[in-house]
Amino acid sequence: MSKFLRGNYKLTNSEKLDHDVKEQEVSQIFESKALEKLGGSIAFVMKSSKFLWDEDEDSK
Amino acid sequence: MKILNEQQLKSISDATFKKTADIGLRHAQENSIYIKKTIRDLRKEIVNEPPKPVIVISAGPSLHRKKSIETIKKADFKGCIVAVDGSLGHCLRNGIVPDFVVTVDPDAHRIIRWFGDPRLSERPEDDYFQRQDLDPALNKDEVARNQELIDMVNYYGPQIKGIVSTSVTCEITQRCLDAGMNLYWWNPLYDDYESKDSLSKKLYRLNKVPCMVTGGNVGSSAWVFSHTILNAQDVLLVGMDFSYPPGTEVRNTQYYEILQELFPGKPEKGLIEVYNPHLKETWVTDPAYYWYSQIFIEMSQKSPCKTYNCTEGGILFGGNIEFVNLKEALFQVLQTEES
């Protein structure tokens with residue numbers, strides 16, 4: 001910026017916009033929101049190594 | 001899009017629960033009048049039989065590209081064939097009658113196509129099947145192919161056991177019954193059954209049907225069924241790509257409509273590239289399918305069976321999965337049986 005602006009003031013580093021970082025953060029936020037809308041065919045969950053839960057049979 | 005991290009995978013998991021749980025519960029209530037036998041009964045029916053190897057026939061693009069059915073027909077395979085709903089038509093058209101067909105997706109209009117849809121002309125307009133490489137036979141002359149499938153499923157139905165999730169629509173249930181299939185029911189495991197407000201526990205207490213881990217999709221469910229209920233010690237997978245071949249256009253992917261909405265003008269931004277070192281090829285997938293592959297790898301490390309991925313394509317490798325050519329795997333399994 002200072003290359004193009006002439007004057008009696010100086011820009012401080014803390015005011016300098018890091019466009020790349022902002023763009024990356026926006027992209028990540030957008031991707032996260034997008035993933036919340038996608039979904040698989042059916043829910044998935046698994047406890048330890050159990051593939052089948054059959055309460056009545058398990059209690060015998 | 002880059003490979004997804006843990007948090008992103010959890011987002012898809014949560015989104016899937018939100019998308020499928022309520023509708024699954026509603027369908028379970030509607031299906032309750034049809035429930036006679038469950039996978040618990042099937043387990044008891046086969047308890048005295050020695051476990052056999054199983055081939056799970058999923059419906060990914062490699063099923064057609066690699067002509068897996070032809071290879072299976074030529075082999076002297078004496079085990080069980082478990083087909084997912086999406087591969088049923090391809091199996092029957094090519095001379096394989098599966099022992100079991102698994103179905104789980106609660107979608108109201110699309111899934112019935114895999115069984116032959118008696119109400120095809122009444123469905124909402126949908127280019128889902130024509131856009132994709134799901135089953136090339138569906139791309140031409142839809143109406144005639146559909147009728148052909150209705151006839152084949154009706155003819156072979158009595159030989160096929162339907163492994164039906166309570167989450168499917170009653171239309172699927174009725175279609176399978178009309179085709180003469182014997183049905184064995186299961187509930188998807190939706191959530192932690194030990195939690196206070198567990199949907200799975202509520203569902204179980206409603207219908208007393210065992211809850212099975214799904215892996216998020218019908219192919220993974222079929223694999224779980226194979227080692228958990230059929231007690232298979234060797235499970236071979238075909239058509240389990242969880243991805244699309246190199247060069248696939250985003251328009252030809254399953255979630256194209258959603259990707260268009262999420263990335264307007266650039267839906268390809270939602271696709272993920274995965275290099276398969278066994279194939280030395282880079283395949284393309286979308287976030288949901290990538291999630292399936294990661295779940296499967298995690299499950300393979302907890303399962304008691306030996307899993308051979310004989311798809312010869314796709315992105316499912318690693319974990320406790322042996323990525324191997326189908327002919328070679330069939331030979332290995334046959335050798336094991338004989339010894």
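Predicted model, so just to flag it, every value in this text is computed and none were measured. Note on naming: letters A, B, ... go to the chains in the order of the sequence lines (proteins, then strands), and numbering restarts at 1 for each one.
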Is it the side chain or the backbone of B:Ile258 that comes within 4.5 Å of chain A heavy atoms, both, or neither? side chain

Would you find more than 12 non-hydrogen atoms of other residues, nucleotides or ligands less than 6.0 Å from A:Lys47 atom NZ? yes

Hey, which of B:Asp192, B:Val104, B:Leu259 has the most heavy atom pairs under 4.5 Å with chain A? B:Asp192

Are more than 12 heavy atoms, taken from residues, nucleotides or ligands other than B:Lys18, located less than 6.0 Å from that residue's NZ atom? no

Given a strict heavy-atom distance threshold of 4.5 Å, which part of B:Phe17 is in contact with chain A: side chain, backbone, both, or neither? both

Any salt bridge linking A:Glu55 with B:Lys201? Criterion: basic side-chain nitrogen under 4.0 Å from a carboxylate oxygen. no

Taking the side chain from A:Ser41 and the backbone from B:Asn217, do they hold a donor-acceptor pair closer than 3.5 Å? no

Residue B:Ile295 versus chain A: region with a heavy atom under 4.5 Å: side chain

So does A:Glu57 pair up with B:Lys208, basic N to acidic O under 4.0 Å? no

Ring pair (Phe, Tyr, Trp, His ring centres under 6.0 Å) filter on B:Phe296, not counting sequence neighbours, yields B:Trp223

I need the residue from B:Ile111, B:Val224, B:Asp286 with the largest number of non-hydrogen atom pairs under 4.5 Å to chain A. B:Val224

Roughly how far, to the nearest 0.5 Å, is the CG atom of B:Asp107 from the CD1 atom of A:Ile42? 11.5 Å

Ranked by heavy-atom pairs below 4.5 Å to chain A, first place among B:Tyr193, B:Tyr190, B:Trp291 goes to B:Tyr193

Whether over 12 other heavy atoms sit under 6.0 Å from B:Asn320 CG: yes

Without swapping roles, check the side chain of B:Lys19 against the backbone of A:Gly40 for a donor-acceptor pair under 3.5 Å. yes

Check whether B:Thr20 reaches the backbone of A:Ala43 with its side chain - one donor and one acceptor, N or O, closer than 3.5 Å. yes

Which class fits the ring pair A:Trp53 and B:Tyr204: parallel under 30°, tilted 30 to 60°, perpendicular over 60°? tilted

Identify, with sequence neighbours excluded, every residue that meets salt bridge (Lys or Arg N to Asp or Glu O under 4.0 Å) alongside B:Glu273. none

Atom of B:Lys302, atom of A:Phe51 and distance for their closest heavy-atom approach: O-CE1, 3.7 Å

Determine the minimum heavy-atom distance between B:Tyr255 and A:Gly39, stating which atoms define it. OH-O, 3.2 Å

Would you compute the distance between atom OG1 of B:Thr214 and atom CE of A:Met46 and round it to the nearest 0.5 angstrom? 10.5 Å

Pairwise distance CZ(B:Arg40) to CG(A:Asp56) - rounded to 0.5 angstrom: 6.5 Å

Contact part of B:Ser220 toward chain A, heavy-atom cut-off under 4.5 Å: side chain, backbone, both or neither? neither

CD1-CG distance between B:Ile229 and A:Leu52, expressed to the nearest 0.5 angstrom: 5.0 Å

Looking at B:Pro210, B:Ala15, B:Cys211, which makes the most heavy-atom pairs under 4.5 Å with chain A? B:Cys211

